[in-house]
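In what follows, a single structure is set out as structure tokens and then discussed.
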Amino acid sequence: MNEKIRNIAIIAHVDHGKTTLVDQLLRQSGVFRANEAVQDRVMDSNDIERERGITILSKNTAVNYKDYRINIVDTPGHADFGGEVERILKMVDGVLLMVDAFEGCMPQTRFVLRKALELKKVPVVVINKIDRPGARPYEVADETLSLFIELGADDDQLDFPIVYASARDGVSGLDPNELSPDMQPLFETIISAVPAPACDETLPLQVLISAIDYDEYVGRIGIGRVERGVAKKNLPVCVGVPGSGSRQAKLTKLYRFEGLKRTEADEVAAGDIIAVAGVPELSIGETICDVNAFDPLPFVHIDEPTLSMYFMVNTSPFAGKEGKYVTSRNIRDRLYKEVQTNVALRVEDTDSTEAFKVSGRGELHLSILIETMRRQGYEFAVSRPKVIMKHDQYGRLMEPMEELTIDVPADYMGAVMEGLGRRKAVLSNMINDAGGGVRLIFDIPARGLMGYRSELLTDTRGNGVMSHIFKGYAPYSGDIEERLTGSLIASETGETNAYGLFNTQDRGRMFVTAGVPVYEGEIVGECARNEDITINVCKKKHMTNTRASGSDEALRLTPPVIFSLEQCLEFIRDDELVEVTPKSIRMRKRYLTKDQRIKDFNRRMAEKEKGLIE
């Protein structure tokens, strides 16, 4: 056993300060020079992470405190990226559970803590943001204890230490009223509470791969903990998973984590977290073993996806104009490559060679994949997300349920409850706070959450905050009404102009402005009535020799509504698609011409009468 190593993961609900805490631990352990310019949330290195202010991928770092080496894994807080949390828990011995001193225990707090307790990880609770107005550290500590008891923690886990901190200011302490000006109390708590890895260096090598990275020089890199033995550079090994054969390889490169960098090492003993290169086609969940002792470890169970959608080749008239990778082979190769590192994702081939079924944890999980592919030069179309239904042992149709938590001023509580009632939500708890706000907790079908975020912001005038987590499967709760508005559809291919838009903007909200190329079948607006209307936004004013007072006044156009990718996915119906290119995001009808749409509608009505579809 290596007594001088500690392996910890930082887990919490989104925006409770995980990445900011890692920043402070890195700063105060001397990773950065005194005069070095360091950006905030330095662990969020991905462009999308920095733009959105969230963590998407788990990342490793290591700091040295006194003569101890502390390996730290920063994890995502969003429920959609729960697979990232599940897989890295195999690498660590303890977890820092961060809880916001104002918000308290949130849905993702419960999810990540349950996973950690199931794997018998040692918890250290960090109550963060105690400098926040309205902070209630003692109440939150009691809430956290109640959550531990509710989740069935054993006696040792219930005896968890609590550290109070403000990660932004870099202060911490064992009492919220007596804080040290640095993170030393947290460092000392980690060393005293989290055990050293129980590993034996004398046994044959065993490394469980929990993450995959890629380097353009050395290729595929596997990240995992040395469970036993000693990993050495150029060591012959065998690789595989339980219940299957093994393959031979050699560890051509061996790395340890030092701050934000990977440093090469000749050998690393059991208990440390390493990165290895030289193993072709290495995958998450595989075990690297001594060549003479193949003994693979079982990998942690990853929860199943709850949402699916179809990725397909773009067939619009503008196809191929903006994207670099447009063929079905390009799209298929990229999706299957993603599965190797994104353990919560599933990809299936369909009857058509031009469409692929992709399943994930939620809308955000899938939309991040779409956005990543878009930025890499891919062009494709996606369908509306649908929940994955199941049948139980009695043949009943079961659907995924979510636990929805909404924080809202009390004045808007009625509007929120009315809106969620139409979506089959059931109120399970209501908590009032001293500041005039209220926390509403609902059980709601996953179907009912689609498109609700924008409705919540409208109902609460931007004051509502929602978060949700997968709860389980329950019997199908009946039909849920979809959006009550239709689509405005372009009737011809061309370029929009002010005259055409001016004469159609009374029909509803427009999504395009003048001078934008559109094609027949593209959705250019939202109809105020519950029907689809075909409009001509390319219509030009005919030139005549007649002049009349007032006929040539300037046209006043209402500014268009610009949707984000997530809003587009929420807006579309089953017969509509989102076209995604590196430069544009458009919505369109599945069938572009009006005749095709009428034929498709008549066909579906005939099938419904015969009972072939619901």
Side-chain angles (χ1 to χ4, degrees), residues 8-22 24-25 55 75-79 85 94-117 121-153 157-180 183 185-186 189-190 193-194 403-410 428-441 464-469:
I8 60 168
I10 302 182
I11 58 176
H13 187 78
V14 63
D15 282 341
H16 280 197
K18 297 179 295 300
T19 306
T20 307
L21 179 67
V22 176
Q24 286 295 343
L25 297 180
T55 302
T75 66
H78 275 278
V85 181
V95 293
L96 293 189
L97 177 71
M98 297 192 68
V99 186
D100 189 302
F102 175 75
E103 292 184 351
C105 296
M106 297 291 281
Q108 182 72 355
T109 311
R110 174 190 298 270
F111 171 79
V112 294
L113 180 59
R114 186 179 76 242
K115 293 294 181 183
L117 295 179
K121 304 301 177 185
V122 177
V124 174
V125 174
V126 179
I127 296 181
N128 191 30
K129 302 187 182 181
I130 61 169
D131 58 327
R132 181 174 175 178
R136 44 192 186 94
Y138 293 116
E139 290 178 40
V140 170
D142 292 339
E143 285 178 22
T144 308
L145 177 61
S146 299
L147 181 60
F148 270 79
I149 296 170
E150 184 184 333
L151 294 176
Q157 290 170 330
L158 284 174
D159 191 23
F160 55 84
I162 299 179
V163 179
Y164 300 90
S166 170
R168 186 190 64 182
D169 298 338
V171 299
S172 65
L174 303 181
D175 187 306
N177 300 315
E178 298 177 12
L179 296 180
S180 171
M183 284 291 172
L186 179 57
T189 305
I190 291 171
V194 178
E403 181 182 284
L404 172 66
T405 301
I406 294 180
D407 291 306
V408 67
S428 61
N429 199 2
M430 182 171 65
I431 304 165
N432 291 292
D433 64 38
V438 63
R439 174 170 294 177
L440 304 170
I441 301 175
V465 178
M466 64 176 273
S467 58
H468 55 91
I469 187 91

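None of the values given here were measured: they were computed from a predicted structure.
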Least distance between heavy atoms, Ala135 atom then Lys129 atom
CB-O, 4.0 Å
Identified side chain to side chain contact (heavy atoms under 4.5 Å, CB included) counterpart of Leu96 within the set Val194, Thr189, Ile11, Ile190
Ile190
Is there a side-chain contact between Leu21 and Leu186, using heavy atoms and a 4.5 Å cut-off?
yes
Heavy-atom pair of closest approach, residues Arg136 and Glu103:
NH2-O, 3.6 Å
Walk me through whether Phe160 and Leu145 qualify under side-chain contact (heavy atoms from CB on, under 4.5 Å).
CA-CA 9 Å; Phe160 55 84; Leu145 177 61; 4.0 Å; yes
After noting the C-alpha distance and the side-chain angles of Val163 and Leu174, does the key distance pass the side-chain contact (heavy atoms from CB on, under 4.5 Å) rule?
CA-CA 5 Å; Val163 179; Leu174 303 181; 4.1 Å; yes
To the nearest 0.5 Å, how far apart are CG in Asn432 and CG in Leu440?
9.0 Å
Measuring from atom OG1 of Thr109 to atom NE2 of His13, what distance do you get when rounded to the nearest 0.5 angstrom?
6.5 Å
Spatial distance of atom CD (Gln157) from atom CG (Leu151) [nearest 0.5 Å]
10.0 Å
Pairwise side-chain contact, Leu25 with Met183, heavy-atom cut-off 4.5 Å (strictly under)
yes
Decide yes or no for Arg168 and Asp131: does some side-chain heavy atom of the first lie under 4.5 Å from some side-chain heavy atom of the second?
yes
Hey, are the side chains of Ile441 and Leu404 touching, using non-hydrogen atoms and a 4.5 Å cut-off?
no
Can you check whether Pro123 reaches Leu97 side chain to side chain, under 4.5 Å on heavy atoms?
no
Checking Ser166 side chain against Val171 main chain: does a donor-acceptor pair fall under 3.5 Å?
no
Sub-3.5 Å donor-acceptor pair from the side chain of Arg439 to the main-chain atoms of Asn429, do we have one?
no
Gly134 versus Phe102, closest heavy-atom pair with distance
O-CD1, 3.2 Å
Below 4.0 angstrom, N of the basic side chain to O of the carboxylate: do Arg110 and Glu150 qualify?
yes
Looking at every heavy atom in both Pro137 and Ile130, which two are closest together, and how far apart are they?
CB-CG2, 4.4 Å
Least distance between heavy atoms, Ala193 atom then Val124 atom
CB-CG2, 3.9 Å
For residues Phe148 and Leu158, report the shortest heavy-atom separation together with the two atoms involved.
CB-CD2, 3.6 Å
Hey, does Val112 have a side-chain heavy atom less than 4.5 Å from the side chain of Thr75?
no
Do the non-hydrogen side-chain atoms of Asp100 and Arg132 ever get within less than 4.5 Å of each other?
yes
Ser180 side chain to Ser172 main-chain N or O, any donor-acceptor pair under 3.5 Å?
no
With side chains defined as the heavy atoms from C-beta onward, is the minimum distance between Asp142 and Glu139 less than 4.5 Å?
no
Say you draw a straight line from CD1 of Ile406 to NE2 of His468; how long is it, rounded to the nearest 0.5 Å?
10.0 Å
Indicate yes or no for a side-chain donor-acceptor contact from Asn128 to the backbone of Ala167 under 3.5 Å, with no hydrogens or angles considered.
yes
